[in-house]
Undergrad: 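Below is a structure I'd like to ask you about.
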Amino acid sequence: MMQGDSYLIGMRILNNAGSAVTPADIEDVQITIGHLCKTYRNAQLSYSDGLWLFPISQKESFSCRTAAPKAQVRVKWKGGA
């Protein structure tokens, strides 16, 4: 990733059985990359063709450090688990 560029990062999220997680399966998805945190419920993430899409604006990329950022995914399943 280059600072100053904008990106749309696609991620495939799989459940424990290896099946793709879709919007029909969840109440919310939260993805954190470095210090950037976005959720599906707040319409910051989108879903298309089997991928969860995490947008990074030009301004956000300027705030990214040069080291590889850590990433984390949290899923709130239907039913609250």
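FYI, the numbering just counts along the sequence from 1. Both backbone and side-chain heavy atoms feed into the values below; hydrogens, waters and symmetry mates do not.
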Undergrad: With rounding to the nearest 0.5 angstrom, report the SG to CD distance, Cys37 to Gln72.
TA: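 Answer for the SG-CD pair, Cys37 versus Gln72, is 8.5 Å.
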Undergrad: CG/Leu53 to CD1/Ile31 distance, rounded to the nearest 0.5 angstrom?
TA: 8.5 Å
Undergrad: Does Gln30 use its side chain to pair, donor to acceptor, with the backbone of Thr39 at less than 3.5 Å?
TA: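 Checking the backbone N and O of Thr39 against the side chain of Gln30, no donor-acceptor pair under 3.5 Å is found.
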Undergrad: With sequence neighbours excluded, what pairs up with Thr22 under the side-chain contact (heavy atoms from CB on, under 4.5 Å) test?
TA: Ala24, Asp25, Tyr47
Undergrad: For the hydrophobic clusters of this structure (ILVMFWY residues joined by side-chain heavy atoms under 4.5 Å, transitively), does one cluster hold both Leu51 and Ile26?
TA: no
Undergrad: Enumerate the residue pairs fulfilling salt bridge (charged side-chain N to carboxylate O under 4.0 Å, His left out) with a member in residues 30-40, sequence neighbours excluded, ordered by first and then second residue.
TA: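 For residues 30-40, and leaving out neighbouring residues, the salt bridge (charged side-chain N to carboxylate O under 4.0 Å, His left out) pairs sorted by first residue read Lys38-Glu60.
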Undergrad: Using a 6.0 Å cut-off, check whether atom CG of Asp49 has over 12 heavy atoms from anything other than its own residue.
TA: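 At most 12 heavy atoms, drawn from other residues, nucleotides or ligands, come within 6.0 Å of this atom.
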Undergrad: Hey, could you give me each pair passing salt bridge (charged side-chain N to carboxylate O under 4.0 Å, His left out) that has a residue in residues 71-80? Not counting sequence neighbours.
TA: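 Every pair satisfying salt bridge (charged side-chain N to carboxylate O under 4.0 Å, His left out) with a residue in residues 71-80: Glu27-Lys76.
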Undergrad: Report whether Leu36 and Trp52 are members of the same hydrophobic cluster (ILVMFWY, side-chain heavy atoms less than 4.5 Å apart, transitive linking).
TA: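 Same cluster: Leu36 reaches Trp52 through Ile, Leu, Val, Met, Phe, Trp or Tyr contacts under 4.5 Å.
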Undergrad: Taking the side chain as every heavy atom from C-beta outward, state whether Trp77 and Val21 have any pair of such atoms under 4.5 Å apart.
TA: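 Yes, their side chains come closer than 4.5 Å.
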Undergrad: What pairs of donor and acceptor atoms, side-chain ones from residues 9-18 against any protein atom, are under 3.5 angstrom apart with sequence neighbours left out?
TA:
| from | atom 1 | to | atom 2 | distance (Å) |
| --- | --- | --- | --- | --- |
| Arg12 | NH1 | Gly50 | O | 3.3 |
| Asn15 | OD1 | Ala17 | N | 3.0 |
| Asn15 | OD1 | Gly18 | N | 3.0 |
| Asn15 | OD1 | Ser19 | N | 2.9 |

Undergrad: To the closest 0.5 Å, what do you measure between OG (Ser46) and OH (Tyr40)?
TA: 8.5 Å
Undergrad: Could you tell me which residues satisfy ring-ring contact (aromatic ring centres under 6.0 Å, His included) with Phe54, sequence neighbours excluded, listed by chain and number?
TA: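 Per chain and number, Phe54 pairs via ring-ring contact (aromatic ring centres under 6.0 Å, His included) with no residue.
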